[in-house]
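Residue numbers run from 1 in the order of the sequence given.
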Amino acid sequence: MPSQQPSSTRRRRKVAVVGVALSDTGRVDDVTPYALHAQAARRALADSGLDRGVIDGFASAGLGTLAPVEVAEYLGLRPTWVDSTTVGGATWEVMAAHAADAIAAGHANAVLLVYGSTARADIKAGRRTSNLSFGSRGPLQFEAPYGHTLISKYAMAARRHMHQYGTTIEQLASVAVQARANAATNPDAMFRDPITVDDVLSGPMIADPFTKLHCCIRSDGGCAVLLAAEEYVADTIKAPVWVLGSGTAVSHTTMSEWEDFTVSPAAVSGRLAFERAGVRPADVDVVQIYDAFTYMTLVTLEDLGFCAKGEGGAFVEKGRLLRDGELPVNTDGGGLSACHPGMRGLFLVVEAVRQLRGEAGVGQVGRGRLPEVAVASGTGGWFCSSGTLVLGRG
């Protein structure tokens with residue numbers, strides 16, 4: 001077993017994802033979010049085969065007054081490296097990038113990222129209400145009087161893309177249809193019954209042009225990811241998935257400061273991640289994208305370079321995103337069908353790792369060979385932040 005002390009060498013160490021796991025997900029009415037954190041953490045550690053004593057870094061957000069401190073205490077951890085960065089749904093890709101850099105530099109040896117939420121159960125039990133916005137403090141006070149909800153901001157951006165590039169509502173609906181088809185092979189997915197474009201279009205309007213099935217589901221659940229330095233890989237029980245490169249970016253808080261509604265910060269985070277990984281979009285076998293709304297999938301694919309700007313509608317409508325399609329996207333069903341407890345970004349990493357390991361069962365992609373390179377790209381706020389990870393088996 002390697003030394004428990006962070007390495008003092010100047011050589012940047014390789015970093016691998018060595019453990020991933022979900023907690024119970026979907027409809028979970030009888031546990032607390034702390035318990036979901038613990039369940040996911042235990043399962044990820046067991047998945048790695050490492051002893052909990054190797055964990056000297058911890059990252060968490062979204063629970064408690066002092067999120068990483070309270071959750072670490074609940075888990076019985078005393079980390080010497082900690083991160084509580086909170087940038088919405090992109091939080092976990094950003095945290096993973098921070099953790100990988102810390103491990104590579106020798107500031108930590110093994111970092112646990114963990115998340116859990118009972119968002120659905122809390123609303124069902126009346127412990128909370130649905131949040132329509134992020135509040136009215138700071139710069140947001142200048143938009144709040146106009147009634148901008150979180151959903152309406154995404155809807156406005158989608159309408160701009162439709163106006164500027166001729167993207168159709170049917171093309172956006174096809175994203176939801178393909179996500180549901182992918183969910184059909186995922187036993188953990190909350191919704192698995194097939195849907196059609198007509199089903200999406202005929203649903204109740206939420207925020208024009210989004211009907212209900214254009215929007216993510218609300219579920220309970222948690223997950224955990226354990227990253228470790230290369231010298232720990234020999235002691236793990238699963239094949240390592242290496243962090244090849246990462247990129248992060250933020251752009252705006254208020255819609256008035258968003259220069260172009262058709263461009264997300266993934267255009268920056270993706271470019272950086274690919275450059276640092278030394279790969280191109282054409283080298284990627286499977287993609288996991290934050291999909292709170294159908295438009296997020298479409299525009300992120302453009303911004304990551306899988307198709308040209310404005311061509312996302314034509315790209316997604318031909319079945320390319322299906323598990324057996326040209327570019328499998330959100331192979332677990334994504335936030336549109338599988339699970340979305342709040343900040344879903346860490347689930348993207350779990351699914352990417354499982355695909356690269358060949359552990360997705362009947363939902364496995366590869367066409368006779370395991371995928372070699374995967375991308376997990378998270379989005380926060382209303383395209384306010386982005387984190388992109390490039391992961392590989394080699």
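Salt bridge status for D220 with R27: absent, with no side-chain N to carboxylate O gap under 4.0 Å. Salt-bridge check for R78 with D56: failed, with every basic side-chain N at 4.0 Å or more from each acidic carboxylate O. Salt-bridge annotation for K153 and E143: present, with a side-chain N of the basic residue lying under 4.0 Å from a carboxylate O of the acidic one. At a threshold of 4.0 Å, the pair D260-R160 does not count as salt-bridged, since none of the basic side-chain nitrogens sits closer than that to a carboxylate oxygen.
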* To do: Evaluate the side chain to side chain contact (heavy atoms under 4.5 Å, CB included) criterion for residues L22 and V350: first the C-alpha distance (whole Å), next the side-chain angles of each, then the deciding distance (0.1 Å), finally the verdict.
  => CA-CA 8 Å; L22 302 181; V350 173; 4.0 Å; yes

* Asked: Going through the checks in order, is the side chain to side chain contact (heavy atoms under 4.5 Å, CB included) test met by V17 and L226?
  -> CA-CA 6 Å; V17 179; L226 181 62; over 6 Å; no

* Can you check side chain to side chain contact (heavy atoms under 4.5 Å, CB included) on F306 and L327, steps first, answer last? -> CA-CA 9 Å; F306 292 107; L327 182 69; 3.7 Å; yes

* Asked: Can R12 and D101 be said to form a side chain to side chain contact (heavy atoms under 4.5 Å, CB included), step by step?
  -> CA-CA 9 Å; R12 289 183 63 82; D101 286 344; 3.5 Å; yes

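If you check the side chains of N186 and D332, you find no donor sitting under 3.5 Å from an acceptor. Side-chain N/O atoms of T248 and E93 include no donor and acceptor closer than 3.5 Å. T167 and H161 are linked by a side-chain donor-acceptor pair at a separation below 3.5 angstrom, with hydrogens and angles left out of the test.
Shortest non-hydrogen contact noted between Y290 and L348 is N-CD1, 3.6 Å. Across every non-hydrogen atom of G381 and L150, the tightest pair is O-CD1, 4.2 Å. Taking both residues in full, the closest heavy atoms of S246 and L389 are given as CB-CD2, 3.6 Å, listed atom of the first, atom of the second, then distance. Minimum interatomic distance between S117 and P33 (heavy atoms only, all atoms of both residues): CA-CB, 4.2 Å. Across all non-hydrogen atoms, the minimal contact from S377 to T300 is OG-CG2, 4.0 Å. Nearest heavy-atom pair, I103 versus A110, reported as atom, atom and distance to 0.1 Å: CD1-CA, 4.5 Å.
For residues 207-229, the set of pairs meeting the ring pair (Phe, Tyr, Trp, His ring centres under 6.0 Å) definition, not counting sequence neighbours, comprises F210-H214, F210-F293. Pairs passing the ring pair (Phe, Tyr, Trp, His ring centres under 6.0 Å) check and including a residue from residues 43-62, sequence neighbours excluded, do not occur.
Between the CG atom in L50 and the CG atom in N109 there is a gap of 11.0 Å [rounded to 0.5 Å]. Here the SG-CE distance, from C215 to M296, works out to 11.5 Å after rounding to the nearest 0.5 Å. How far CG of L113 is from OG of S60: 9.0 Å, rounded to the nearest 0.5 Å. The OH atom of Y295 sits 10.5 Å away from atom CE of M162, with the distance rounded to the nearest 0.5 Å. To the nearest 0.5 Å, the span separating OG on S337 from CG on N182 amounts to 9.0 Å. The distance from the CG atom of D291 to the CG atom of N330 is 4.5 Å, given to the nearest 0.5 Å.
Every residue two or more places apart in sequence or in another chain that forms a salt bridge (charged side-chain N to carboxylate O under 4.0 Å, His left out) with E302 is listed here: K309. Looking at residues two or more places apart in sequence or on another chain, you find no salt bridge (charged side-chain N to carboxylate O under 4.0 Å, His left out) involving D198. The side-chain hydrogen bond (donor to acceptor under 3.5 Å, both in side chains) test applied to E275 returns no partner, not counting sequence neighbours. Scored by the side-chain contact (heavy atoms from CB on, under 4.5 Å) test, I195 finds A176, V177, R180, D199, V200, L213 as partners (sequence neighbours excluded). Residues that satisfy the side-chain contact (heavy atoms from CB on, under 4.5 Å) test with E372, not counting sequence neighbours, are D285, R369, R393. Annotation: side-chain contact (heavy atoms from CB on, under 4.5 Å) contacts of E259 (sequence neighbours excluded): none. Annotation: salt bridge (charged side-chain N to carboxylate O under 4.0 Å, His left out) contacts of R357 (sequence neighbours excluded): D47, E359. In terms of the salt bridge (charged side-chain N to carboxylate O under 4.0 Å, His left out) criterion, D188 has no residue partners (sequence neighbours excluded).
Hydrophobic clustering of Ile, Leu, Val, Met, Phe, Trp and Tyr side chains at less than 4.5 Å, counting indirect connections, keeps I55 apart from L227. Linking Ile, Leu, Val, Met, Phe, Trp and Tyr whenever their side-chain heavy atoms come within less than 4.5 Å puts M156 and V175 in one cluster. Hydrophobic cluster membership is shared by V299 and F261, with clusters built from Ile, Leu, Val, Met, Phe, Trp and Tyr side chains linked at under 4.5 angstrom. In the hydrophobic clustering of this structure, L346 does not group with V94; members are Ile, Leu, Val, Met, Phe, Trp, Tyr whose side-chain heavy atoms approach within less than 4.5 Å, directly or through other members.
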Pair up each side-chain donor or acceptor in residues 84-92 with any protein partner under 3.5 Å, not counting sequence neighbours, and list the distances.
residue	atom	partner	partner atom	Å
T85	OG1	D83	OD1	2.7
T86	OG1	S84	O	3.0
T91	OG1	V87	N	2.8
T91	OG1	G88	N	3.3
T91	OG1	G88	O	2.6
W92	NE1	M343	O	3.4

Please list, one pair per line, the donor and acceptor atoms closer than 3.5 Å that link side chains of residues 66-75 to other protein atoms, with sequence neighbours excluded.
residue	atom	partner	partner atom	Å
E70	OE1	Y34	OH	2.8
E70	OE2	T65	N	2.9
E70	OE2	L66	N	3.3

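Taking the side chain as every heavy atom from C-beta outward, F274 and V375 approach each other to under 4.5 Å. Residues V353 and L391 are in side-chain contact: their nearest non-hydrogen atoms beyond the backbone lie under 4.5 Å apart. Contact of the C223 side chain with the S23 side chain is not registered, since no non-hydrogen atoms from C-beta on lie closer than 4.5 Å. Inter-residue side-chain proximity for L112 and V225 is flagged as unmet; no heavy-atom pair is nearer than 4.5 Å. Counting heavy atoms from C-beta outward, T118 and V28 have side chains that stay 4.5 Å or more apart. Proximity of R120 to P341: side-chain heavy atoms (C-beta onward) are nowhere separated by under 4.5 Å. The shortest side-chain heavy-atom distance between E170 and L201 falls under the 4.5 Å cut-off. Here the side chains of Y115 and M95 are not in contact, with every heavy-atom distance at 4.5 Å or above.
Figure legend: R320 and F315 shown as a cation-pi pair, the cationic atom lying under 6.0 angstrom from the six-membered ring centre and within 45 degrees of its axis.
Under the side chain to side chain donor-acceptor pair (under 3.5 Å) test applied with T331, the options R323, Q364, E351, R354 reduce to a single match, E351.
Aromatic rings from F383 and Y154 are positioned such that their centres are separated by under 6.0 Å. If you look at W258 and H252, their ring centroids are closer than 6.0 Å.
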